[in-house]
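To keep things clear, I will list the structure first and then write my remarks on it.
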Amino acid sequence: MKNILVLSNLSLDNGDLLKYSAEFCKYYKCKIHLLHISEDDTPLSIFTPYYYKKFSLQFEQVYSRIMHSKIAKFISPILDNSMVRCEIQKGNKSEILSSFLNDRFIDLIIMGNLDIKNLGDESDTKHLLFDISETPILVVPEFEKFKPLQKFNFLTRHSPEDLEDLKNLELLFSNPNIQVTHLNPTKQLNVKEKKWLERVRDDLKADIIYKRNNKGLRAYLTQENFAMIKQFDAIVFTAKKRNFWRRLFDPSTTLSFLSSLELPSLIFKIS
């Protein structure tokens with residue numbers, strides 16, 4: 001994991017998330033990219049706030065003084081300036097985001113649950129992030145203090161895609177502790193599920209704990225949300241693009257429900 005993206009259009013006012021992202025990048029030794037997709041400004045690349053002063057550029061001409069002050073306040077005290085890159089680009093949002101993710105080799109997008117809460121069902125940004133992009137997203141709860149992500153609860157459907165994303169999870173986070181959970185009232189594994197689990201344990205280096213739970217998804221996550229002692233550092237989903245919201249919950253309540261989770265959520269997406 002080398003490159004993390006935070007969309008400043010969404011998260012610039014979320015100081016807790018900027019601080020969390022900086023701590024995350026410091027711990028995992030990766031670069032943080034802040035991208036602002038502008039409707040008015042000419043594309044411009046600025047590497048760190050330091051260069052604005054060095055070349056006497058007027059900060060307000062490329063975005064605003066607010067961006068500089070937020071980066072200086074929440075990111076610079078934690079992360080070396082060489083590990084921070086800010087870019088302002090103008091044009092088609094979908095094209096900009098797609099090329100940016102590929103050109104900068106972005107491994108993970110970080111956004112706050114407040115950011116999700118502020119996205120409407122018809123939001124272009126929501127559509128870009130969850131329906132078009134294949135880059136995993138880490139959703140961070142409000143007031144979350146950074147700690148290394150080591151214990152993961154991977155909610156599975158025993159699919160080939162889940163197997164691949166378990167491998168991706170192991171690539172993103174070194175030596176993860178993974179519990180694979182299947183929400184199903186049937187306590188016994190069938191033959192296909194047994195073969196899937198054997199394959200998981202053969203292909204992954206991590207020791208896998210496998211559990212089944214007879215609760216539905218909403219009830220299970222609500223239970224995890226209100227647990228006094230958190231067993232996991234993050235919950236992991238694999239979701240189909242363009243069908244993500246309908247697969248998880250009633251689309252009319254999805255955004256508000258995810259925004260209320262008190263555990264970081266890592267979302268892998270498949271076509």
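Quick note: numbers below take in every heavy atom, side chains included, and nothing from hydrogens, waters or symmetry partners.
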Query raised in the report: Any side-chain heavy atom of P264 sitting closer than 4.5 Å to one from P141?
Result: yes
Query raised in the report: How many angstroms lie between atom NZ of K2 and atom NZ of K29, to the nearest 0.5 angstrom?
Result: 13.5 Å
Requested in this report: Would you please classify the geometry between the F146 ring and the Y27 ring as parallel, tilted or perpendicular, with 30° and 60° separating the classes?
Outcome: tilted
Query raised in the report: Distance from L97 atom CG to I109 atom CD1, nearest 0.5 Å?
Result: 6.0 Å
Query raised in the report: Between the main-chain N or O of L183 and the side-chain N or O of N213, is there a donor-acceptor pair closer than 3.5 Å?
Result: no
Query raised in the report: Above 12 or not: heavy atoms from other molecules or residues under 6.0 Å from CG of D202?
Result: yes
Report task. For side-chain contact (heavy atoms from CB on, under 4.5 Å), just list the numbers for I209 and D207, CA-CA rounded to whole Å, side-chain angles, deciding distance to a tenth of an Å, and then say yes or no. Result -> CA-CA 7 Å; I209 298 172; D207 291 330; over 6 Å; no
Requested in this report: Determine, step by step, whether V140 and N14 satisfy the side-chain contact (heavy atoms from CB on, under 4.5 Å) criterion, reporting the C-alpha distance in whole Å, the side-chain angles of both residues, the deciding distance to 0.1 Å, and the verdict.
Outcome: CA-CA 11 Å; V140 180; N14 192 341; over 6 Å; no
Query raised in the report: According to a 4.5 Å side-chain heavy-atom criterion applied to Ile, Leu, Val, Met, Phe, Trp and Tyr, with indirect links allowed, do L171 and L138 form part of one hydrophobic cluster?
Result: no
Query raised in the report: With a cut-off of 6.0 Å (strictly less than), are more than 12 heavy atoms of other residues, nucleotides or ligands near CG of D103?
Result: yes
Report task. For D233 and P148, work out which heavy atoms get closest and say how close. Result -> OD2-O, 3.5 Å
Requested in this report: Give the intermediate values and the outcome of side-chain contact (heavy atoms from CB on, under 4.5 Å) for residues K167 and L204.
Outcome: CA-CA 7 Å; K167 295 177 185 178; L204 270 70; 3.9 Å; yes
Report task. List the atom of P176, the atom of A206, and the distance in Å for their closest heavy-atom pair. Result -> O-CB, 3.5 Å
**Report entry** Inter-residue atom distance D107.CG - K31.NZ, 0.5 Å rounding
**Finding:** 12.5 Å
Query raised in the report: Under the 3.5 angstrom rule, does the side chain of T156 hit a backbone N or O of T181 as a donor-acceptor pair?
Result: no
Query raised in the report: Can you check whether F154 reaches D165 side chain to side chain, under 4.5 Å on heavy atoms?
Result: yes
Requested in this report: Report yes if some heavy atom in the side chain of K195 is under 4.5 Å from a heavy atom in the side chain of V191; otherwise report no.
Outcome: yes
**Report entry** Evaluation steps, side-chain contact (heavy atoms from CB on, under 4.5 Å), between R212 and L189
**Finding:** CA-CA 9 Å; R212 296 165 79 85; L189 287 169; 3.0 Å; yes
Query raised in the report: Parallel under 30°, tilted from 30 to 60°, perpendicular over 60°: which one fits the rings of F152 and F173?
Result: tilted
Query raised in the report: Residues in salt bridge (Lys or Arg N to Asp or Glu O under 4.0 Å) with E224, at least two apart?
Result: none
Report summary line: Taken to the nearest 0.5 Å, the spacing of Y210 OH from R201 CZ works out to 9.5 Å
Query raised in the report: Roughly how far, to the nearest 0.5 Å, is the CD1 atom of I235 from the OH atom of Y220?
Result: 6.5 Å
Query raised in the report: At what distance, to the nearest 0.5 angstrom, does CD1 of I75 lie from CG of N81?
Result: 10.0 Å
**Report entry** Backbone of L35 reached by a side-chain donor or acceptor of Q89 within 3.5 Å
**Finding:** no
Query raised in the report: Any donor-acceptor pair under 3.5 Å linking the side chain of E193 with the backbone of N190?
Result: yes
**Report entry** Exercise: identify the closest heavy-atom pair between Y28 and L149
**Finding:** OH-N, 3.0 Å
Query raised in the report: What's the shortest heavy-atom distance between K26 and I78, and which atoms?
Result: CD-O, 3.4 Å
Query raised in the report: Does any N or O in the side chain of E142 come within less than 3.5 Å of the main-chain N or O of L114, such that one atom is a donor and the other an acceptor?
Result: no
**Report entry** Nearest heavy-atom neighbours spanning I96 and I37
**Finding:** CD1-CG2, 3.8 Å
Requested in this report: For A72 and P77, work out which heavy atoms get closest and say how close.
Outcome: O-CD, 3.1 Å
